[in-house]
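Report on the structure given below.
Along the sequence shown, residues carry numbers from 1. Reckoned from all heavy atoms, side chains included, excluding hydrogens, waters and symmetry mates.
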Amino acid sequence: MSELRFENILINAGIDEFGRMTGYVEFPYFHKQIEVICHKGVTAEYAARSIRWLSEIDDALIREICQYALYYLQDELECTSKGDLLDEDIQHIRNPLEVLRYMEFVSLDVKPPMDPEIPALNLSGGCDWQEDEGMHCLIKNGHVIYMGSWNDEDVWDERLLDDDKYLFNYVLYPRREALRQKAAERHKQHPPKQIPHLESP
């Protein structure tokens with residue numbers, strides 16, 4: 001049996017300036033093509049598996065993605081004046097699926113996995129409410145473990161859901177107040193050490 005090649009699974013497969021294999025595949029849920037970036041060390045077999053996981057994204061997972069994206073949007077509206085620059089409809093979304101009109105995924109990063117048997121997806125794209133920093137969504141075992149701005153988070157980082165990540169991982173947004181209070185209590189119990197001032201001679 002012949003070995004699977006990237007050219008068999010990617011449209012317009014080729015090497016980019018960083019030595020990564022890139023190309024395009026269909027994102028079936030959205031009926032559109034997105035870029036796939038295969039980092040060094042990724043085999044064509046694992047890339048094919050990742051593309052299959054992409055094809056298995058269903059309504060339930062999209063609803064989960066949209067709910068966390070909506071938290072991301074709400075936080076931007078609450079903490080900034082961006083609402084003044086956005087379409088009025090975006091400020092009154094109630095059904096999470098409506099947020100799809102204001103966001104898109106454009107690429108799938110495939111990096112060497114810690115466990116190739118665990119479905120993992122690293123998706124990035126853009127959104128109307130944060131055009132500069134975009135959107136980054138990490139999915140593992142069929143659930144979103146990170147949603148927020150793009151900052152090169154790793155899908156295999158077990159600390160993504162740690163309590164202290166509540167300010168930038170919108171998966172933790174519903175617990176934000178409780179986590180903020182917990183952090184404040186921890187700060188009270190363990191205040192940072194003061195550096196003593198040296199007296200001038």
Between Asp59 and Tyr29, does any side-chain donor sit less than 3.5 Å from a side-chain acceptor?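 There is such a pair (donor and acceptor under 3.5 Å, judged by atom type) between the side chains of Asp59 and Tyr29.
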
Using a distance-only test with no angle check, is there a side-chain donor-acceptor pair under 3.5 angstrom linking Tyr173 and Asp75?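 Note: Tyr173 and Asp75 side chains miss the donor-acceptor criterion.
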
Backbone N or O of [Y] within a donor-acceptor pair of the [X] side chain at under 3.5 Å?
X: Lys32; Y: Phe105; answer: yes
X: Asn169; Y: Met147; answer: yes
X: Asp157; Y: Asp154; answer: no
X: Asp128; Y: Leu86; answer: no
X: Gln91; Y: Leu77; answer: no

Carboxylate-amine/guanidinium contact Glu117 Arg49, below 4.0 Å: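 Yes, this pair counts.
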
Closer than 4.0 angstrom, basic N to acidic O: yes or no for Lys111 and Asp152?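 Salt bridge present between Lys111 and Asp152.
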
According to salt bridge (charged side-chain N to carboxylate O under 4.0 Å, His left out), who are the partners of Glu88, at least two apart in sequence or on a separate chain?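 If we apply the salt bridge (charged side-chain N to carboxylate O under 4.0 Å, His left out) test to Glu88, skipping adjacent residues, there are no hits.
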
Salt bridge (Lys or Arg N to Asp or Glu O under 4.0 Å), paired with Lys182, selected from Asp162, Asp163, Asp164: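 The salt bridge (Lys or Arg N to Asp or Glu O under 4.0 Å) with Lys182 is passed solely by Asp163 among Asp162, Asp163, Asp164.
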
Got [X] and [Y] here, is their nearest side-chain heavy-atom distance under 4.5 Å?
X: Ile62; Y: Phe30; answer: yes
X: Gln67; Y: Tyr170; answer: no
X: Val155; Y: Ile139; answer: no
X: Asn151; Y: Tyr146; answer: yes
X: Gln74; Y: Leu70; answer: yes

Suppose clustering is done on Ile, Leu, Val, Met, Phe, Trp and Tyr with side-chain heavy atoms closer than 4.5 Å. Which residues sit in the same group as Ile11?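 Under the 4.5 Å side-chain rule, Ile11 groups with Tyr24.
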
With Trp156, which residues qualify under ring pair (Phe, Tyr, Trp, His ring centres under 6.0 Å), at least two apart?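 Expected list: none.
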
Tell me if the aromatic rings of Trp129 and Tyr72 count as close, with their centers under 6.0 Å from one another.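 Judged by ring-centre distance (under 6.0 Å), Trp129 and Tyr72 do meet the cut-off.
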
